[in-house]
Amino acid sequence: MAQQRVPLIAGNWKMNLDHLQAIGVVQKLAWTLEEGKHTYDAAGAEVVVFPPFTDLRSVQTLIEGDRFRLGFGAQDLSQHDSGAYTGEISGAFLKALKAGYVLVGHSERRQYHGETDEICAAKVGAAIRHGIVPVLCVGETAEDLERHGASAVPVAQLRAVLGTLQADAELVIAYEPVWAIGSGQAATAEQAQQVCAALRTTIREVLGDAAADRTRILYGGSVKSGNIAGFLREPDIDGALVGGASLDPVEFAAIARFQKHVGV
Ligand code: PEP
């Protein structure tokens, strides 16, 4: 993790927790983080949750009302701004709710909803158009890994989107090997670093040095409080996208306090 990039710890709730449950989880998360007084203030890790759409308004009013130092975002958005797109959610609506971030191209969207690199590029464009920071998820399947090695597919997925962006675009990249998601078997820190370094090199080639130095690259895939520190010691890993473990606010708070484990 480079000093100039603020670490980002992001929790993807997927299709879990309704809006009432969300309130309880966010309260518990904020209280747990504040009680500890470890790194939440001092080291400035940014902590963001990604609840389902139906929870967003409740989460927003709670965070604002109680002045919790938590961010929130959505798990998806439409590539379109408005119109006859039944079931879709516009970036304009997310912006009106003050969502700071939106996930784009999570492997579950690519796998179950046929999201191609072209669709991901359009969604990243829509997020940027509405002033929301896209968190673009890239990663290889077990089959990709065997056939092409670890970096080829995530680098190609990233390149397909970067080619459509201006050099000053703000985005976050999440490297999530599909074989590691929800499997309990995380990549090693060295494996993740190798791919994240290749992703940063790709940003450098396409958008230049400033974008490469500023863009945060997260690792995701079976992250827990017991393995987070190893990832964050790596120079090209700036945080984590956490699925299952983010549903438990005490465990997620322990992940957010990774600096305690890193020992800095
Ligand atoms: C995810 O789905 O983004 C994820 C990383 O899940 P998990 O942490 O459960 O592997």
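As the structure lists them, so they are numbered: ligands from 1, and atoms in each ligand from 1.
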Establish, from distance only, whether the side-chain atoms of [X] and [Y] form a donor-acceptor pair under 3.5 Å.
| X | Y | value |
| --- | --- | --- |
| Tyr175 | Glu140 | yes |
| Gln193 | Asp236 | yes |
| Tyr101 | Glu46 | yes |

Among all protein heavy atoms in this structure, tell me which lies nearest to [atom], with the distance rounded to 0.1 Å.
| atom | value |
| --- | --- |
| atom 9 (O) of ligand 1 | Gly244 N, 2.8 Å |
| atom 1 (C) of ligand 1 | His106 NE2, 3.3 Å |
| atom 5 (C) of ligand 1 | Glu176 OE2, 3.0 Å |

Point to revise | Side chain proximity check, Val49 to Ser246, heavy atoms < 4.5 angstrom | key: no
[X], any N or O under 3.5 Å of ligand 1 N or O:
| X | answer |
| --- | --- |
| Gly243 | yes |
| Gly221 | no |
| Lys14 | yes |

Point to revise | Over 12 foreign heavy atoms within 6.0 Å of CD, Gln166 | key: no
Point to revise | Proximity of Ile181 to ligand 1 by residue part, where a heavy atom lies under 4.0 Å | key: both
Check your understanding: So is Ala245 close enough to ligand 1, meaning a heavy atom under 4.0 angstrom away?
Key -> no
Practice item. Please work out which of the three classes, parallel, tilted or perpendicular, describes the rings of Phe68 and Trp31, given edges at 30° and 60°. Key: perpendicular
